[in-house]
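The structure appears right after this line, and notes come after that.
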Amino acid sequence: MIVFWFLLIALVVVVAAVTLAVVGGGAEAVLPDAEPDRVADALPESRPVVRADIDALRLPVAPRGYRMAEVDDVLDRLGAELAERDARIAELTAARAQAPAAPAAPADRVDLHKDER
């Protein structure tokens, strides 16, 4: 019988607390909306990404691991920059292959004035 009264009183207290919390909040939210976690050390927009930027990068952790959207954004950015660098390397390699080779100086040529200096 004592357990019944204890449970009844506990139920009344819980219902009263919930009612006061809901009614007492009024039109305003009890807590302000939290800002979503974002990358604090974002990759630089004004220059290409370097190794130090990747080493310093820290992705925010969500309750169930990393936020997929954040990881996708970083990987997309890195992929785009790597593709741009690969295209530039291919362009420079092709330009170098098409340029005529500069004539090399003969190895057997002796500088006669070398000893006079």
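For clarity, every value in this text was computed on a predicted model and none was experimentally measured.
Going from atom CZ of F4 over to atom CD1 of I9 covers 10.0 Å, rounded to the nearest 0.5 Å. Rounded to the nearest 0.5 Å, atoms CZ (R88) and CD (E84) are 10.0 Å apart. Between M68 atom CE and L75 atom CG the span is 11.0 Å, to the nearest 0.5 Å. Distance check: I89 CD1 to L82 CG gives 9.5 Å after rounding to the nearest 0.5 Å.
The minimum heavy-atom distance linking R85 with P48 is given by the pair NH2-CB, 3.1 Å. Across every non-hydrogen atom of R77 and R47, the tightest pair is NH2-O, 3.7 Å.
Ion pairing between E91 and R96 fails under the 4.0 Å rule for side-chain N and carboxylate O.
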